[in-house]
Amino acid sequence: TSASSDGYTVTSSSSYADFAGYYNWRLYYGNIANGWHTNHNLWSSSGATYIGAQSIGSYVGEWNKIKFPAQFVLQYLIITARPGYPTQAPKEWSIIGSNDDSNWTLLVNSAEQVSQSGTTVQGNADGGAYTYFALVVHKTAGNYPGDACAVSELEYHGYVPIIPIR
């Protein structure tokens, strides 16, 4: 699924949009009442490991990708789990960056369960600027058969680098 606005484009491996409006673009909407909700039955009942068939680059898991209108340097991010559903929170997840939507660089690799009050994580250590950023969820917090992953909000904080005029 895909959505575009103001030069930003959001795509995802799945989106359970029919359920209370959890469209993929709502991950960046600024309202934790909604967000991105994956399809169900993609996580094992023992340990909630991803059992689906999606990947982006070499990173396996459900993913939500945003294309920025210009290169962006990620300094830190804030990710928030869906309130009231702690078993749907990402437990093992990555943030990757790309400039061509093919070659991906690992920026964040976390085994920290995302909090319902927001988890702040430092951005890419390499200081590189990227046009594409993707959240890839490898494992959720729950082991409820048929469950989904839900993230209410993802904020990327950083800056657009200045390009010198020659």
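Each salt bridge (Lys or Arg N to Asp or Glu O under 4.0 Å) pair with one or both residues in residues 101-123, not counting sequence neighbours, appears once here: Lys65-Asp101.
By the side chain to side chain donor-acceptor pair (under 3.5 Å) test, Asn109 pairs with Ser94, sequence neighbours left out. Residues satisfying the side-chain contact (heavy atoms from CB on, under 4.5 Å) test with Ser115, not counting sequence neighbours, are Ser117, Thr119. With sequence neighbours excluded, no residue satisfies side chain to side chain donor-acceptor pair (under 3.5 Å) with Gln75. By the side chain to side chain donor-acceptor pair (under 3.5 Å) test, Tyr132 pairs with no residue at all, sequence neighbours left out. For Glu92, the side-chain contact (heavy atoms from CB on, under 4.5 Å) test picks out Ala111, His138, Lys139, with sequence neighbours left out. Residues satisfying the ring-ring contact (aromatic ring centres under 6.0 Å, His included) test with Phe68, not counting sequence neighbours, are Tyr8, Phe72, Phe133. Partners of Lys67 by salt bridge (charged side-chain N to carboxylate O under 4.0 Å, His left out), not counting sequence neighbours: none found. For the side chain to side chain donor-acceptor pair (under 3.5 Å) test, residues two or more places apart in sequence or in another chain that qualify with Asn103 are Asp100. Qualifying ring-ring contact (aromatic ring centres under 6.0 Å, His included) partners for Tyr59, counting only residues two or more places apart in sequence or in other chains: none.
The CG atom of Leu154 sits 6.0 Å away from atom CG of Leu77, with the distance rounded to the nearest 0.5 Å. For the atom pair CD1 of Ile95 and CG of Leu106, the computed distance is 9.5 Å after rounding to the nearest 0.5 Å. Here the straight-line distance linking atom OH of Tyr156 with atom OH of Tyr130 works out to 13.0 Å at 0.5 Å rounding. The OH atom of Tyr85 lies 14.5 Å from the SG atom of Cys149; values are rounded to the nearest 0.5 Å. Leu135 contributes atom CG, which lies 6.5 Å from atom CG of Leu27 (distance to the nearest 0.5 angstrom).
Ring geometry for Tyr23 versus Trp25: interplanar angle under 30°, hence parallel rather than tilted (30 to 60°).
Ser12 and Asn24 share a side-chain donor-acceptor pair at under 3.5 Å. Side-chain atoms of Asn64 and Tyr28 include a donor-acceptor pair closer than 3.5 Å. Looking only at atom types and distance, the side chain of Thr38 has no donor-acceptor partner in the side chain of Glu62 under 3.5 Å away.
Under a 4.5 Å side-chain heavy-atom cut-off, the cluster of Ile, Leu, Val, Met, Phe, Trp and Tyr residues that includes Tyr159 is completed by Val73. Applying the under-4.5 Å side-chain rule to Ile, Leu, Val, Met, Phe, Trp and Tyr, the cluster around Tyr76 extends to Ile78.
Using a 4.5 Å heavy-atom cutoff, the side chains of Thr140 and Asp147 are not in contact. Inter-residue side-chain proximity for Trp93 and Val151 is flagged as unmet; no heavy-atom pair is nearer than 4.5 Å.
When all heavy atoms of His37 and Ala150 are compared, the closest pair comes out as CD2-CB, 4.0 Å. Scanning both residues, Ala141 and Lys91, for their nearest heavy atoms gives N-CB, 3.9 Å. For the pair Asn99 and Ala129, the tightest heavy-atom approach, listed with the atom from each and the gap, is ND2-O, 3.2 Å. Nearest heavy-atom pair across Gly118 and Thr80 is CA-OG1, 3.5 Å. Scanning all heavy atoms of the two residues, the minimum distance from Arg82 to Gln116 falls at O-NE2, 3.5 Å.
Ring centroids of Trp43 and Tyr50 are separated by less than 6.0 Å, placing the two rings close together.
No donor-acceptor distance shorter than 3.5 angstrom exists from the side chain of Asn39 to the backbone of Ser14, with no hydrogens or angles considered.
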